[in-house]
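Here's the structure, in structure tokens; my notes come after.
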Amino acid sequence: MQKRFFIALIMALIAICGYAEKKVSKVEIHLRNGQVVKGAITERDERVVTIISDHDGGTYHYTTDEINYISHLTKRKNYDTSKFRGFIDVGYSLGLGEPRNDYWLVETSFGYAFTPKTYLGAGVGVHNFNAVENSYPLFWNQTQGYEGKRNDPAWRYPFIPFYVEGRYSVMNESKHTPFVSMKVGATFINHNGFFASPTIGYHFASNEFFSFNVGLAYQLQTANYKLWCQGDTPGAIKDDTGKTYLSKGQVFHNVCLKVGVEF
């Protein structure tokens with residue numbers, strides 16, 4: 001399952017890049033004699049490139065021997081003037097060590113770019129928690145005949161972290177550029193705990209409406225839960241129904257591959 005997911009992510013990224021390339025509307029053909037012809041390519045094979053010139057509207061044919069190189073002139077989003085940023089990422093997170101959990105995730109972030117390279121915003125994520133059995137006390141004491149019942153009902157629900165995010169790009173995001181980001185926050189719904197996630201990635205400036213991002217992240221998530229026990233267990237707490245439990249905390253470490261859009 002995990003292998004198929006990563007293959008699908010890679011294929012999706014290739015398709016995204018291919019789609020962006022197909023959307024190129026204008027090119028500059030730089031000829032070996034120093035001439036530059038700007039226009040739209042209508043046909044191309046191993047030997048000849050056909051272009052409609054923006055200068056006079058004429059159709060011209062150039063062989064590969066005449067061409068030095070071709071520059072694509074995709075119209076891209078101008079991040080110098082666009083201050084608002086929005087991010088939507090999807091990915092899969094693999095647990096590291098014990099205890100561990102694996103999960104699909106969706107993360108969002110919305111905020112303001114103070115410069116074309118720096119961003120500060122806030123967001124919320126949904127981490128579809130999928131605990132690895134026996135990696136920590138997930139179930140009731142099975143010797144008491146409660147096999148298959150979850151130790152704490154909250155484990156059946158996803159983690160929903162709320163966070164602030166800071167991001168820095170090596171170059172202006174109007175171009176392709178590496179970036180780093182940091183998310184810090186907490187979970188309050190279903191689970192209570194601390195959340196932090198640094199990311200390194202690459203930004204693909206695709207067109208005037210949105211761009212694509214791919215990133216590799218480390219994720220730290222803590223969670224408090226109830227470990228149900230018998231009444232004579234040292235430190236046990238009794239709830240309103242008379243059942244007893246131990247208040248426990250757990251730390252999860254994950255590595256995550258994410259792809260997403262930016263607008």
Side-chain angles (χ1 to χ4, degrees), residues 2 5-6 9 12-13 77 79 82-97 99-132 136 152-170 173 177-204 210-225 247-263:
Q2 296 167 2
F5 172 76
F6 284 113
L9 275 181
L13 182 59
K77 190 175 180 69
Y79 286 98
S82 176
K83 300 298 183 181
F84 173 80
R85 296 283 198 280
F87 300 88
I88 301 176
D89 294 313
V90 297
Y92 193 78
S93 187
L94 293 174
L96 302 175
R100 58 178 290 197
N101 63 340
D102 304 329
Y103 50 81
W104 295 87
L105 62 84
V106 178
E107 292 180 350
T108 64
S109 182
F110 301 93
Y112 189 82
F114 294 92
T115 74
K117 295 182 180 181
T118 57
Y119 162 85
L120 182 64
V124 60
V126 177
H127 296 176
N128 188 26
F129 183 84
N130 181 21
V132 176
Y136 63 99
D152 187 330
W155 289 126
R156 76 186 65 177
Y157 303 112
F159 284 104
I160 303 179
F162 295 83
Y163 45 78
V164 294
E165 179 184 14
R167 175 173 168 137
Y168 177 77
S169 298
V170 176
E173 285 195 331
T177 177
F179 71 87
V180 294
S181 76
M182 182 67 183
K183 295 175 180 175
V184 179
T187 54
F188 307 102
I189 302 174
N190 305 330
H191 308 272
N192 294 320
F194 173 76
F195 172 75
S197 178
T199 300
I200 59 172
Y202 201 84
H203 166 89
F204 297 89
F210 56 84
S211 300
F212 298 100
N213 298 298
V214 59
L216 184 66
Y218 162 75
Q219 294 185 327
L220 171 69
Q221 175 72 64
T222 68
N224 299 319
Y225 68 98
S247 180
K248 294 287 187 177
Q250 202 62 266
V251 180
F252 300 100
H253 304 273
N254 290 68
V255 62
C256 177
L257 179 62
K258 298 185 286 189
V259 295
V261 294
E262 175 183 351
F263 50 89

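This structure is a prediction, so every number in the text was calculated from the model and none was measured.
For Glu173, the salt bridge (Lys or Arg N to Asp or Glu O under 4.0 Å) partners are Arg85, Arg167, not counting sequence neighbours. Judged as a side-chain hydrogen bond (donor to acceptor under 3.5 Å, both in side chains), and not counting sequence neighbours, Ser197 has no contacts.
Here the side chain of Ser109 pairs no donor or acceptor atom with the backbone of Phe87 at under 3.5 angstrom. In terms of modelled atom types and a separation under 3.5 Å, the side chain of Asn254 and the main chain of Asn101 share a donor-acceptor contact. Using modelled atom types, no side-chain atom of Tyr168 and backbone atom of Lys117 make a donor-acceptor pair closer than 3.5 Å. Checked by atom type and distance alone, the side chain of Asn192 never pairs as donor or acceptor with a backbone atom of Asn224 at under 3.5 Å. Under the 3.5 Å distance criterion, the side-chain polar atoms of Thr108 are matched with a main-chain donor or acceptor of Val124. The closest donor-acceptor contact from the side chain of Asn128 to the backbone of Trp104 lies at 3.5 Å or more, if one exists at all.
Counting heavy atoms from C-beta on, the side chains of Val184 and Tyr163 never come closer than 4.5 Å. Between Val261 and Phe212, the closest side-chain pair of non-hydrogen atoms falls below 4.5 Å. Looking only at side-chain heavy atoms (C-beta outward), Ile88 and Phe263 come within less than 4.5 Å of each other. By the 4.5 Å heavy-atom criterion applied to side chains, Phe162 and Phe195 are not counted as neighbours. Residues Asn190 and Ile160 have side chains in contact (heavy-atom distance under 4.5 Å, counting atoms from C-beta outward). Glu262 places a side-chain heavy atom less than 4.5 Å from the side chain of His203. Contact annotation: the side chain of Asn213 never approaches that of Val259 to less than 4.5 Å [non-hydrogen atoms, C-beta and beyond].
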message: For Phe159 and Val126: C-alpha separation, side-chain torsions, deciding distance, then whether side-chain contact (heavy atoms from CB on, under 4.5 Å) applies.
response: CA-CA 6 Å; Phe159 284 104; Val126 177; over 6 Å; no
query: Given the rule in the side-chain contact (heavy atoms from CB on, under 4.5 Å) test, do Val214 and Lys258 qualify, once you have shown the distances and angles that lead to the verdict?
result: CA-CA 6 Å; Val214 59; Lys258 298 185 286 189; over 6 Å; no
field: Full working for side-chain contact (heavy atoms from CB on, under 4.5 Å) between Ile200 and Val180
entry: CA-CA 5 Å; Ile200 59 172; Val180 294; 3.9 Å; yes
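Taking each heavy atom of His191 and Pro158 in turn, the nearest pair found is CD2-O, 3.7 Å. Between Leu105 and Cys256, the closest heavy-atom pair is CD2-SG, 3.4 Å. Nearest heavy-atom pair, Lys83 versus Tyr112, reported as atom, atom and distance to 0.1 Å: CB-CE1, 3.3 Å.
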Solution key, residues 215-223 side-chain donor-acceptor pairs under 3.5 Å, sequence neighbours excluded:
residue, atom, partner, partner atom, Å
Tyr218, OH, His253, ND1, 2.6
Gln219, OE1, Ser93, OG, 3.3
Gln219, OE1, Tyr103, OH, 2.7
Gln219, NE2, Glu107, OE2, 3.0
Gln221, NE2, Phe194, O, 3.3
Thr222, OG1, Phe194, N, 2.7

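Here CZ of Phe252 is found 13.0 Å from NE2 of His127. Values are rounded to the nearest 0.5 Å.
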